[in-house]
Amino acid sequence: EAGVTQSPTHLIKTRGQQATLRCSPISGHTSVYWYQQALGLGLQFLLWYDEGEERNRGNFPPRFSGRQFPNYSSELNVNALELEDSALYLCASSSRFSRVGGYTFGSGTRLTVV
Amino acid sequence: KNQVEQSPQSLIILEGKNCTLQCNYTVSPFSNLRWYKQDTGRGPVSLTIMTFSENTKSNGRYTATLDADTKQSSLHITASQLSDSASYICVVTPVNQAGTALIFGKGTTLSVSS
């Protein structure tokens with residue numbers, strides 16, 4: 001079974017540009033979660049998508065947005081990039097009805113803003 | 001406020017030695033507690049998952065324990081290997097909450113030296 005896949009692995013952008021990160025969940029998983037992990041810090045919840053809808057978002061500015069496609073893959077968009085947006089962005093997926101387990105992370109996209 | 005505190009923040013041990021990582025939480029009630037291993041620059045990988053009614057769960061050389069009365073969990077690593085060098089993250093899911101409500105600890109960074 002393929003795991004959660006994220007692309008690209010690395011992304012370098014300049015301040016003010018836009019970045020698009022992509023995530024493909026495990027087959028059968030309908031929920032996708034996005035997290036930001038800045039260097040030396042814990043995971044910070046960004047967004048949750050389920051069945052194509054945004055279900056919840058964390059304490060991040062509107063510059064962070066995304067969407068989920070009919071095949072449950074998702075993309076995260078970060079507009080007007082700032083230097084402090086440099087971080088590892090992690091995607092996780094789960095089954096909507098999962099109570100224990102089934103919460104699997106991808107390998108992440110390392111975004112560097114220069 | 002729901003919190004997960006991990007200690008120590010970092011740890012250095014010699015290859016072959018055992019070690020124990022601690023996780024104290026204030027999340028109550030909770031549905032499950034997970035331990036993840038995160039290699040540098042990679043996504044977290046699940047090691048163990050315990051429901052509130054379980055006391056211990058093993059995965060090879062990793063053994064997690066849970067004391068719901070004292071709200072403490074520990075991860076014991078036996079006969080450490082160089083490949084165990086990573087960050088170990090404790091995650092608690094409040095009861096009746098979806099994945100967005102996962103409470104992440106900041107992790108313990110383990111370095112195993114030869």
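Residue numbers begin at 1 in each chain, while the letters A, B, ... track the order of the sequences.
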Check your understanding: If you draw a 6.0 Å radius around CZ in R61(B), do more than 12 non-hydrogen atoms from other residues or ligands fall strictly inside?
Key -> yes

Point to revise | Verdict with supporting geometry, V91(B) and L43(A), side chain to side chain contact (heavy atoms under 4.5 Å, CB included) | key: CA-CA 10 Å; V91(B) 185; L43(A) 279 75; over 6 Å; no

**Study point:** Max heavy-atom pair count under 4.5 Å with chain B, selected residue of G58(A), G42(A), S107(A)
**Key:** S107(A)

Check your understanding: Around atom NZ of K13(A), are there more than 12 heavy atoms of other residues, nucleotides or ligands at under 6.0 Å?
Key -> yes

Check your understanding: Taking atom CG of L41(A) as the centre, does the number of heavy atoms from other residues, nucleotides or ligands within less than 6.0 Å exceed 12?
Key -> yes

Practice item. Working to the nearest 0.5 Å, report the span between CZ of R42(B) and CG of L90(A). Key: 10.5 Å

Check your understanding: Would the number of heavy atoms belonging to other residues, nucleotides or ligands and lying under 6.0 Å from CG of N59(A) be above 12?
Key -> no

**Study point:** More than 12 heavy atoms from other groups under 6.0 Å of CZ on F60(A)
**Key:** yes

Exercise for review: Please look at Q44(A) and chain B and tell me whether the side chain, the backbone, both or neither of the residue comes under 4.5 angstrom of a heavy atom of that chain.
Suggested key: neither

Study note, to complete from the structure: Interatomic distance, OH@Y36(B) vs CZ@F105(A), rounded to 0.5 Å, equals 5.0 Å

